[in-house]
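For clarity, every value in this text was computed on a predicted model and none was experimentally measured. Scope of the values below: all heavy atoms of this structure, side chains included, with no hydrogens, waters or symmetry mates.
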Amino acid sequence: MNFTLLVTVLLTAVTLVVAAYVVAKLIGPRSYAKVKGEPYESGIPTRGSSWLPVSVGFYLFAILFLMFDVETVFLYPWAVVVKEFGAAALLSIGFFLVVLVLGLAYAWRKGDLEWK
């Protein structure tokens, strides 16, 4: 019974995706202008190449931000159920915060948080 339900759901999902793609291709607008292939930057025509080297620091800073931001989001569910679990919840979130602070200290000491 469960296998039949799984196959039914998968087939329905695949059918709906293929149907949506086919309908979009059939009735969607088509425009093959050369302008559509150019990079768009606030309506101003670009000068030179748009493939400029970007410092790795931008990516590292963004990844660190996302990492700590996502980890902080995990504090909300804990705050909702902390009364139900008592000391065990307090110890587990304490360990989580210690690991989070150690990761932040490591990134700080390594110099990854400094804007150069």
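The cluster map of Ile, Leu, Val, Met, Phe, Trp and Tyr, joined by side-chain heavy atoms under 4.5 Å apart, puts Ile27 and Val22 in the same cluster. Hydrophobic clustering (ILVMFWY, side-chain heavy atoms < 4.5 Å, transitive): Trp108 and Ile63 are in distinct clusters. Residues Val17 and Val23 do not share a hydrophobic cluster, clusters being chains of Ile/Leu/Val/Met/Phe/Trp/Tyr side chains in contact below 4.5 Å.
Rounding to the nearest 0.5 Å gives a distance of 11.0 Å between CG of Leu66 and CD of Glu71. Between the CG atom in Leu6 and the CG atom in Leu11 there is a gap of 9.5 Å [rounded to 0.5 Å]. Between the CZ atom of Arg109 and the CG atom of Leu104 there is a distance of 13.5 Å, given to the nearest 0.5 Å.
Closest approach of Arg30 to Lys25, counting heavy atoms only: NH2-O, 2.5 Å.
Applying the ring-ring contact (aromatic ring centres under 6.0 Å, His included) test to residues at least two apart or on different chains, the pairs with a partner in residues 54-77 are Phe58-Trp115, Phe61-Trp115.
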Sequence neighbours excluded and cut-off under 3.5 Å, please list the side-chain donor-acceptor pairs for residues 81-99, or say none.
{"unit_1": "Ser92", "atom_1": "OG", "unit_2": "Ala88", "atom_2": "O", "d": "3.3"}
{"unit_1": "Ser92", "atom_1": "OG", "unit_2": "Ala89", "atom_2": "O", "d": "2.9"}

